[in-house]
Asker: 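Below you will find the structure I want to go over with you.
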Amino acid sequence: MKLTYWGHSSFLVETASHRIVIDPFLSGNEQAVVSPAEVECDCVIVTHGHPDHVGDSVEIAKRTGATVVANFELASFLEAQGATVHPMHIGGAHAFPFGRVKLTIAHHGSGHPDESGRIQYTGNPAGVLLTADNKTFYHAGDTGLFLDMQLIGELDRIDVAALPIGDNFTMGPADAARAVEFLKPGMALPMHYGTWEIIAVDPQDFAQRVEAAGFKAAVPAIGESVEV
Ligand code: NI
Ligand code: MN
């Protein structure tokens with residue numbers, strides 16, 4: 001499994017046979033190095049309805065024919081915009097042609113402004129466990145720290161975990177490092193930081209805390225890949 005960090009909370013996951021994109025916030029992200037028009041993938045997984053996670057999902061899905069996987073309410077919202085969707089919900093897993101996806105809890109909000117600017121409810125936010133090629137990637141979505149991460153780490157052997165560290169909207173570096181102790185992944189990656197001033201934290205602060213706790217951390221640059 002190869003993971004490429006596309007900035008903010010977006011990752012391209014390449015398995016032996018498929019390409020899966022998570023939270024493709026590209027055209028709205030000044031730091032993005034990939035444009036939505038050049039994305040090729042089989043599936044788009046969206047953790048929650050905030051615009052910095054839905055991003056270019058609908059455009060990518062329509063152009064490539066990729067299925068959008070999201071919680072039921074968000075899937076319905078995106079389906080109404082023309083995407084082909086596969087609705088799921090928290091605690092549920094499904095075997096897709098590319099691997100298994102299970103949605104986990106995340107403590108956050110989830111809503112998306114409609115054309116009038118009014119926030120539409122898009123269901124509970126989620127994290128994602130993606131298992132393919134005998135590797136498991138946990139993408140925590142946007143969330144605060146929660147003790148049930150211990151259970152998530154017990155139920156699945158996590159090879160790599162991507163955790164939000166930017167503070168303000170999600171965990172900060174110290175809480176995210178504590179999350180690593182709960183999850184016990186083979187490797188931890190920071191995400192959801194540096195995109196804007198309000199979430200400008202030092203990813204090395206996170207990496208040092210993770211390593212001090214006895215776990216591995218990597219800080220991929222935007223566009224950089226990590227082989228799992
Ligand atoms: Ni969010
Ligand atoms: Mn966010």
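Whatever order the structure lists ligands and atoms in, that order sets their numbers, starting from 1. We count residues from 1, following the sequence as given.
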Asker: Name of the His108 N, O or S atom nearest the Ni ion (ligand 1)?
Answerer: NE2
Asker: Give a rough value, rounded to 10 degrees, for the angle at the Ni ion (ligand 1) between atoms OD2 of Asp142 and NE2 of His48.
Answerer: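 Vertex the Ni ion (ligand 1), arms to OD2 of Asp142 and NE2 of His48: 90°.
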Asker: Are Arg100 and Asp156 within salt-bridge range, i.e. N to O under 4.0 Å?
Answerer: yes
Asker: I'd like to know if the side chain of Thr195 pairs up with that of His8 as donor and acceptor (distance under 3.5 Å, no hydrogens or angles considered).
Answerer: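 Yes, because at least one side-chain N or O of Thr195 sits under 3.5 Å from a partner of the opposite role on His8.
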Asker: Under 3.5 Å, is there a donor on one side chain and an acceptor on the other for Asp23 and Thr47?
Answerer: yes
Asker: Is the distance from the Mn ion (ligand 2) to some N, O or S atom of His53 under 2.8 Å?
Answerer: yes
Asker: When you measure from the Ni ion (ligand 1) to each N, O or S atom of His50, which atom gives the shortest distance?
Answerer: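 When I compare the N, O and S atoms of His50, ND1 is nearest to the Ni ion (ligand 1).
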Asker: Is the CZ atom of Phe96 crowded by more than 12 outside heavy atoms at less than 6.0 Å?
Answerer: yes
Asker: Any N/O/S atom, side chain or main chain, of His8 closer to the Mn ion (ligand 2) than 2.8 Å?
Answerer: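 Coordinating: no.
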Asker: Which N, O or S atom name in Asp52 marks its closest approach to the Mn ion (ligand 2)?
Answerer: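 Nearest N/O/S atom of Asp52: OD2.
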Asker: A quick test of your reading: do over 12 heavy atoms of other residues, nucleotides or ligands sit less than 6.0 Å from CG of Asp114?
Answerer: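 Atom CG in Asp114 is crowded, with more than 12 foreign heavy atoms closer than 6.0 Å.
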Asker: Indicate yes or no: does Glu227 engage Lys2 in a salt bridge with an N to O separation below 4.0 Å.
Answerer: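 No, this pair does not count.
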Asker: To the nearest 10 degrees, calculate the angle at the Mn ion (ligand 2) involving NE2 of His192 and OD2 of Asp142.
Answerer: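 The NE2/OD2 angle about the Mn ion (ligand 2) sits at 100°.
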